[in-house]
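Worth saying up front: this structure is predicted, and the values here are computed from it rather than measured. Every chain is numbered from 1, with letters handed out A, B, ... down the list of sequences.
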There are 2 protein chains.
Amino acid sequence: MRTEPPTRRTQAARREATCAKVLGATIECLAELGYFGTSIAAICERAGVSQGALFRHYPTRRDVIVAAAEAIGRHHLESFAAADLDLRRDGYRRFVELIRGICRSPTHAAWREIMIAARTDDGLREAASAGLGRFEAAILELCARSLGLGEAAAQPAAVILLSVMHMFDSEAVTVVVYGNAAIEARRIEWATGMLERELGVLGN
Amino acid sequence: MRTEPPTRRTQAARREATCAKVLGATIECLAELGYFGTSIAAICERAGVSQGALFRHYPTRRDVIVAAAEAIGRHHLESFAAADLDLRRDGYRRFVELIRGICRSPTHAAWREIMIAARTDDGLREAASAGLGRFEAAILELCARSLGLGEAAAQPAAVILLSVMHMFDSEAVTVVVYGNAAIEARRIEWATGMLERELGVLGN
DNA sequence: TAAGATAGAAAGTGCCCGCTTTCTATCTTG
DNA sequence: CAAGATAGAAAGCGGGCACTTTCTATCTTA
C-alpha cells in the first residue's frame, strides 16, 4: 500500500485527489498549528504532496485557505443535516450537546482560525466570507426546518440559537487556554434549561 | 513637541516610558494587524523606538506579547471597576451594553488575538494564561460584588454572565467578517430580557 | 567629575516563508 | 501511436522575519 501500482487514473481524478489531500491537510494544520503555523511546507508535508503540485492547483496560499473555508462550510452544513435535529421532538439538550461538540471539534477550530485571520486580512475576508458564513446559514436553516416556521417567523429563534452557538464557540477557546471545568459543566446544564424557557414561549 | 529638549530623566523613567510605548504599540498592532502582522518591525515603527531598544527590555517577541497580555488583563479589570456596575441597581441593559462595547473594542480584539494564538502555541499559553484569565476574573468579581453574594452562591450567576460575555466575544468577530445588523440588534434586546428572566430568579 | 552601568540607534545575520523555475511522468486526443 | 496537454517533483530565489552586534548617548555612583 506504500506505492500502489501505477493505477490508471483520469487527469480529473488525479487533480481531485491531490486537491482533497491538500484541503484535508490544510484543515488539520489550521486546527493543530494555527493560521500562523499553517505554512505551505507544513501543508505539503502532511498531504504527502510537493509544493509544486500544490501551486499547480492553487495560485496562492490564500486560495488554499479560501478553498479550505469553503470545504469547512460545506462540512458544517452536512453535519447539521446529518444530525437531523427536530427541536420539538428531541428537546434542547441534544441541540446544546451538538453545538458544543461541533464548536470543540478540530474542523471548527480551523473555521475559527480563518475567521480570526479574516478580521485583519481584507483580501481573505472578501474571498472567504461566503464559505465561513455557511456555518451561520446552517443554523438558520435548522431553525426554519426544525421549528416548522417561515424564515421571518423563525428569526427570533435564530437569534437565540445563534447566540448559543457564539457562546460555545468562544468557550471552546478558553477551554484550551484556561479551562474551568466547574463552570463548563454548569453552562451546558444552564443552556439547556434556558433554551426550554426561552424557546418554549416561541413554540406556541 | 517634535524633539523635546533633552529633559533629564531617571533611567527607570526612561525604561518605563519606552516599555509603555512598546506595549501600547503592540496592543494597537494586534488589534489592527492581527497576531501574524504584529511583527517587531511594525511594533517599533508605531512606538517610535528602535528594535535594539525593544530587545533591551524584552528578550523575545513572545515576552512582548505576554507583557501586552498582562497589560490588557489589568486594563479589563480597571474597565469593570470604573463602570461601577450594580446589577440590581442599574438593571441588565447597562451590563449588556458594557459587555458588548468591551468585546467590540480594539483592546479586546488584541486580547482575542493572543487567546487564539495561545491555543496552538504551548509556550505562549503557559506564559500568558494568567494575564488573559483576568478578563474572566473581572466578570467573576463583578458578580460577587454586584450581587452581594459569596463566591459560592455567585457561581450560578457567574455562569450566566460569562456566557453572555462569550456570546458577544464571538459575535464581535462575525460582525467584522459578515455582519448581520438585524440579528445583532435583536440579540442585544433578547440578551437584556433573558438576563432579567434568568437572573431575576437568582436575585431572590 | 571620572568610571562604570544602562538605554537606545543602526546596521547586520541567518533562517524560513511564499512562490517560481525547470524538468520528468502520466494522461488525452488526433 | 505520436504530439500536445496536464500533473507532479525538486531545487532555487528574493524578501521579511526574529534576533544580534556594535557603537554612541545618557544616567548613576563613588
Subject >> Within 6.0 Å of CD in B:Glu45, more than 12 heavy atoms from elsewhere >> reply: no
Original post:
For the side chain of B:Arg15, counting heavy atoms from C-beta on, which of D:dC27, D:dG8, C:dA7 is nearest?
Top reply: C:dA7
**OP:** Can you figure out which of C:dG8, C:dC17, D:dC17 approaches the side chain of A:Ser39 most closely?
**Re:** C:dC17
Original post:
How do A:Pro59 and B:Ala12 order along DNA chain C: which one's closest nucleotide is nearer the 5' end?
Top reply: B:Ala12
Subject >> Short side-chain N/O contact from A:Thr18 to OP1 or OP2 of D:dA7, under 4.0 Å >> reply: no
Subject >> A:Glu189 and A:Arg93 ion-paired at < 4.0 Å >> reply: yes
Original post:
Does B:Arg61 count as lying over the ring of B:Tyr35, i.e. NZ or CZ under 6.0 Å from the six-ring centre, within 45 degrees of the axis?
Top reply: yes
**OP:** Take atom CZ of B:Arg61 and atom P of C:dC16, then tell me their distance rounded to the nearest Å.
**Re:** 16 Å
**OP:** Figure out the CZ/P separation between A:Arg14 and C:dT24, and round it to whole Å.
**Re:** 16 Å
Original post:
Of A:Ser50 and B:Gly37, whose nearest nucleotide on DNA chain D comes first from the 5' end?
Top reply: A:Ser50
Original post:
Within this structure, what is the CD1-to-P distance between A:Ile43 and C:dC19, rounded to whole angstrom?
Top reply: 11 Å
**OP:** Kindly point out which of D:dG8, D:dA18, C:dA7 is positioned nearest to the side chain of B:His57?
**Re:** C:dA7
Original post:
Quick one: on DNA chain C, does A:Phe55 or B:Arg56 contact a more 5' nucleotide (nearest heavy atom)?
Top reply: B:Arg56
Subject >> A:Arg145/A:Asp86 salt bridge by N-O under 4.0 Å criterion >> reply: no
Subject >> Nucleotide nearest A:Ala53 when distance is taken to its side chain, options D:dA7, C:dC19, D:dA9 >> reply: D:dA9
**OP:** Would you mind reading off the distance between B:Phe36 atom CZ and C:dC16 atom P, rounded to a whole angstrom?
**Re:** 15 Å
**OP:** Nearest-nucleotide wise, let me know which of B:Thr60 and B:Thr10 is further upstream toward the 5' end of DNA chain D.
**Re:** B:Thr60
Original post:
Do the two ring centres, one from A:Phe168 and one from B:His166, sit under 6.0 Å apart?
Top reply: no
Original post:
Whole-Å distance between C:dA7 P and B:Tyr58 OH?
Top reply: 12 Å
**OP:** Give the rounded distance in Å between these two atoms: CD of A:Gln51 and P of C:dC16.
**Re:** 13 Å
Original post:
Can you check the B:Asp63 CG to D:dC19 C1' distance for me, whole Å?
Top reply: 13 Å
Subject >> Separation of atom CD1 in A:Ile40 from atom P in C:dT20, rounded to whole Å >> reply: 11 Å
